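In what follows, chains are A, B, ... by sequence order, proteins preceding strands, each numbered from 1. Fair warning: this is a prediction, and the values are worked out from it, not measured in the lab.
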Protein chains: 2
Amino acid sequence: MSEADAVARPRRADAQRNFERILAAARSAVVERGGDVVLEDVARDAGVGIGTLYRHFPTRQALLEATFLDEARELRARAEVLAGDICAFDALVSWLRLQVDFGLHGHSMGAAVLSAKHDTGSEIQVACSASRMAGNVLLRRAQDAGEVRAGVEIDDVLRLIHALVLVNGTSPDLAQVERMFDLVISGIRA
Amino acid sequence: MSEADAVARPRRADAQRNFERILAAARSAVVERGGDVVLEDVARDAGVGIGTLYRHFPTRQALLEATFLDEARELRARAEVLAGDICAFDALVSWLRLQVDFGLHGHSMGAAVLSAKHDTGSEIQVACSASRMAGNVLLRRAQDAGEVRAGVEIDDVLRLIHALVLVNGTSPDLAQVERMFDLVISGIRA
DNA sequence: TAGTATACGGAGGGTACCTCCGGTTTGCAA
DNA sequence: TTGCAAACCGGAGGTACCCTCCGTATACTA
């Protein structure tokens, strides 16, 4: 049922090539222009017609999600590494800070995408879920260590962090972002 | 230098009437459709041409700010009332919750507008400043009572609250909003 | 190499934004 | 009251972006 299965019949070579070109163009466009990319520009940068772009990514959202997929996967991987850290609380904080860094450093759309609702089973949904679960491990560990208040849920924390990123999207005041981040961290602390 | 002074020469009667009609239409449009109102619809609802709308409100932002002006003023007034409360902490929390309620209950654009940069001296900027200062009184009082951590700044708290509202703009899960709000409150608590 | 499923691309229709300017209305002065 | 200049109105139209549709081109298969 997953999209990976749907590619059982391999794509034509040109289609595969264009898919990758579009994604690459979209990535750099999102990095430098944020979430309100002009899709026609992406197509042009990719050396592809607008129709081709829309065939591969039926909606604007689909393209942005694809752009964000790598990031979601890396966040999961990082969480799993951090789960081996000695200090449970520091590990959690590091992971959360990573979300802020990712969000601010170009991929400002990440937060918006992450906080949106996705079709169950979509690649991005799966990746986000996995990332969230990995984060949840960090959270629970910190709670077991008595360093994070009981009752705090990973979804709420993440959503708050993403909100923080979103509102500081363009031209962020890094000092303020830092203080707001600290505010959130204080909020979860036991 | 304020806009109020600029109206020294009174507007023509029809201009005044249209100004108010447009504002009224914009308000109800924003309440039911959020920040991405279609300005042409607003003009039609106001019984006015699109050109007239743009003369009174040169930019989309200007219209939204005008829409939000009352809210900003009321938030200030509420803060000043709450400053008389017995419990400083409760007063602050009530005021912050008010921001969430206002933000969620239709005026979902409020947060976005509030968190944007405005021209110094503009009506909205003045109103926001006043509101923020009134809120700051509540915060300082709670800090003096030892109920809020020292070092917490009103700007950071408000921005975080507005971020919260923004990210829960359309179809908010009220229970989650509540939990996120609690998270913020815990974050400022001494 | 020929046939076919697949993919390409851009013209074009739709929506919303904002500007511009000819025509109209209003308020004031005589 | 009447005339006039300033102020105002309204919508046509240019721009930008979105997304769809379908005739043409291309890559795979036999």
Side-chain angles (χ1 to χ4, degrees), chain A residues 3-26 28-30 32-67 108-109 112-113 116 119 170, chain B residues 3-26 28-30 32-67 108-109 112-113 116 119 170:
Chain A
E3 271 185 85
D5 295 347
V7 191
R9 184 183 335 178
R11 262 188 289 219
R12 243 170 64 171
D14 52 349
Q16 179 63 28
R17 177 167 33 80
N18 283 337
F19 178 88
E20 277 154 15
R21 277 187 185 169
I22 293 166
L23 202 46
S28 59
V30 166
E32 74 182 48
R33 262 169 288 180
D36 47 356
V37 210
V38 177
L39 298 193
E40 255 140 7
D41 289 354
V42 173
R44 187 164 23 73
D45 290 355
V48 143
I50 186 66
T52 301
L53 183 148
Y54 273 99
R55 192 164 332 93
H56 286 295
F57 305 96
T59 70
R60 173 189 209 74
Q61 179 76 0
L63 180 56
L64 291 173
E65 286 179 1
T67 298
S108 52
M109 200 52 203
V113 171
D119 299 340
T170 51
Chain B
E3 270 183 87
D5 295 346
V7 191
R9 185 184 334 178
R11 262 187 289 219
R12 245 170 62 171
D14 51 350
Q16 179 62 28
R17 176 164 35 80
N18 283 338
F19 179 87
E20 277 154 15
R21 278 187 184 169
I22 293 168
L23 203 45
S28 59
V30 166
E32 75 183 45
R33 262 167 290 179
D36 48 357
V37 209
V38 177
L39 297 193
E40 253 138 11
D41 290 354
V42 173
R44 187 164 23 72
D45 290 356
V48 142
I50 186 67
T52 301
L53 184 149
Y54 272 98
R55 192 165 332 93
H56 286 295
F57 305 97
T59 70
R60 171 188 209 77
Q61 179 76 359
L63 180 56
L64 291 173
E65 286 179 1
T67 298
S108 54
M109 199 54 203
V113 171
D119 298 340
T170 51

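Comparing D:dG10, C:dG27, D:dC19 against the side chain of B:A13 picks out C:dG27 as the nearest. Minimum atom distance to the side chain of A:L39 is reached by D:dC18, of the listed D:dC9, D:dC18, C:dC8. Of the candidate nucleotides C:dT19, D:dC9, D:dC18, C:dT19 has the atom nearest to the side chain of B:Y54.
Checking B:R12 against A:F19, the closest nucleotide of DNA chain C that is more toward the 5' end is the one next to A:F19. In terms of position on DNA chain D, the residue among B:G51 and A:I50 whose nearest nucleotide sits closer to the 5' end is B:G51. Ranked by how close their nearest DNA chain C nucleotide is to the 5' end, A:N18 and B:R55 are led by A:N18.
Formation of a donor-acceptor pair under 3.5 Å by the B:T52 side chain with backbone atoms of B:V48 is not found in this model. When atom types are taken as modelled, the side chain of A:R11 and the backbone of A:R17 share no donor-acceptor pair closer than 3.5 angstrom.
For the pair B:D36 CG and D:dC18 C1', the interatomic distance rounds to 15 Å; values are reported in whole Å. Rounded to an integer number of Å, the gap from CD of A:E40 to C1' of D:dC17 is 6 Å. Between A:R11 atom CZ and D:dT29 atom C1' there is a gap of 20 Å when expressed in whole angstrom units. Rounded to whole Å, the distance from CG on A:L64 to P on D:dC18 is 11 Å. Rounded to whole Å, atom C1' of D:dG10 lies 12 Å from atom CG of B:L53. Atom CZ in A:R17 sits roughly 10 Å away from atom C1' in D:dA27 (whole-Å rounding). Rounding to whole angstrom units, CD1 of residue B:I22 and C1' of D:dC8 are separated by 11 Å. Separating the CD atom of B:Q16 from the C1' atom of C:dT25 is a distance of 17 Å, rounded to the nearest angstrom.
Comment: B:R44 engages B:D41 in a salt bridge, judged by a side-chain N to carboxylate O separation of less than 4.0 angstrom.
Ring geometry, A:F57 versus A:F19: the interplanar angle falls under 30°, so the pair is classed parallel (tilted spans 30 to 60°).
Using a 4.0 Å heavy-atom cutoff across all strands shown, B:V37 reaches sugar-phosphate atoms only and no base atom.
The shortest distance between the side-chain N/O atoms of A:H56 and the OP1/OP2 oxygens of C:dC8 is below 4.0 Å. Look at A:T52 and you'll find a side-chain N or O under 4.0 angstrom from OP1 or OP2 of C:dG9.
Between A:V42 and A:A25, the shortest heavy-atom contact is O-CB, 3.7 Å.
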